[in-house]
Amino acid sequence: MVSEYVVEIFEYLHELELKTLPDPNYLHWQRNLRPRMRSILVDWMVEVHLKFRLLPETLFLAINIMDRFMSKESVQVDRLQLLATGSLFIAAKYEEVYSPSVKNYAYVTDGGFTEEEILNAENFILEILNFNMSYPNPMNFLRRISKADDYDVQSRTIGKYLLEISIIDHKFIGFLPSLCAAASMYISRKMLGKFEWSPNLIHYSGGYKESDMKEVCEMIMEYLVSPIVHEEFFKKYASRKFMKVSMLARQWARKLIAEGKSIMDPEL
């Protein structure tokens, strides 16, 4: 929003996103962890995040913290919820003006973990990550592109839902947040009948052309036409507050596929 510094700020954020990417293969070498377990975990994090009415940035940072931790440390199955809780606890302290107390987090684990265990987890997570919370939140990139879209509320709400898919679904681990934000806005605009990805949008997205976004766009479409895996995430965006975009996006994607069309069709 600060035009005098915005170019330098986003150059720095593009450098940071490379440094804070989780290992895309960690689910393969973590002996006790399967993609389905991560799906259950992030869906629970969405539920807690919504219950506490936290900022969108907090959820993105919490999942990044969790993924980066698991890229470095093996985690036992019975400690997964503690890791998720600790990651949310840290992210809320970083992003929120008023973050929930450790007592609140202990309560949402249904007695699974004590306040002391959560505080110890916080210390351990921060040590493993060298206290580095400098994650370029994907919401920053989405808001930047939204400037080229005249800050349209509808396209940004759809874009936010699609962008959140990229942190919920494990297949997106390792993809740059800026690329996921650009692909999300690209699909969002097409859903609303805005087909042109103009030079202005390319500029504000960080230079991403349609060919750069193809793989991520197709992965998002694949998620939309697949059976619902993340129930809490789907319910969240099926509410009136979010314009019921999870239902609308899935209906639109299925119709498109049924007609034999691709998201990358220029005339779409």
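Because the structure is predicted, anything quoted here is derived from the model rather than measured. Throughout, residue positions are numbered sequentially from 1 according to the sequence presented.
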Open item on the list: Any salt bridge linking Glu47 with Lys236? Criterion: basic side-chain nitrogen under 4.0 Å from a carboxylate oxygen.
Closed with: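 No.
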TODO: Considering only NZ, NE, NH1 and NH2 on the basic side and carboxylate oxygens on the acidic side, decide whether Lys214 and Glu218 come within less than 4.0 Å.
DONE: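 Looking at Glu218 together with Lys214, the answer is yes, because their closest N to O distance falls below 4.0 Å.
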Task: Glu17 side chain to Tyr12 backbone, donor-acceptor under 3.5 Å - done: no
Task: Chi angles and distances behind the salt bridge (Lys or Arg N to Asp or Glu O under 4.0 Å) call for Arg189, Asp152 - done: CA-CA 10 Å; Arg189 285 173 53 80; Asp152 179 70; over 6 Å; no
Open item on the list: Tell me whether the rings of His14 and Phe10 are parallel (<30°), tilted (30 to 60°) or perpendicular (>60°).
Closed with: tilted
- [ ] Would you verify whether the NZ or CZ of Arg250 falls within 45 degrees of the ring axis of Tyr237 while also being under 6.0 Å from that six-membered ring's centre?
- [x] no
TODO: Any chance you could pull the hydrophobic cluster mates of Phe234, using side-chain heavy atoms under 4.5 angstrom and chaining through other members?
DONE: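 Noted: Phe234 shares its cluster with Ile228, Met247.
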- [ ] Please go through Val97's hydrophobic cluster and name the other residues, only I, L, V, M, F, W, Y counting, with side-chain heavy atoms under 4.5 Å joining them.
- [x]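 Once heavy-atom contacts under 4.5 Å are chained together, Val97 belongs with Tyr98.
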TODO: Please list all pairs passing the ring pair (Phe, Tyr, Trp, His ring centres under 6.0 Å) test where one or both residues lie in residues 114-140, with sequence neighbours left out.
DONE: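 Ring pair (Phe, Tyr, Trp, His ring centres under 6.0 Å) check on residues 114-140 returns Phe69-Phe124.
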Task: Distance-only donor-acceptor check, side chains Ser178 and Tyr208, under 3.5 Å - done: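 The answer is yes; a qualifying pair exists.
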- [ ] Taking atom CD of Glu259 as the centre, report whether more than 12 heavy atoms of other residues, nucleotides or ligands fall under 6.0 Å from it.
- [x] yes
Task: Test side-chain contact (heavy atoms from CB on, under 4.5 Å) applied to Ile257 and Ile263, Leu224, Val225, the passing residue - done: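 Per the side-chain contact (heavy atoms from CB on, under 4.5 Å) rule, the option paired with Ile257 is Val225, out of Ile263, Leu224, Val225.
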Open item on the list: Between Tyr105 and Phe113, is the ring centroid distance below 6.0 Å?
Closed with: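 No, the ring of Tyr105 stays outside the 6.0 Å limit from the ring of Phe113, centre to centre.
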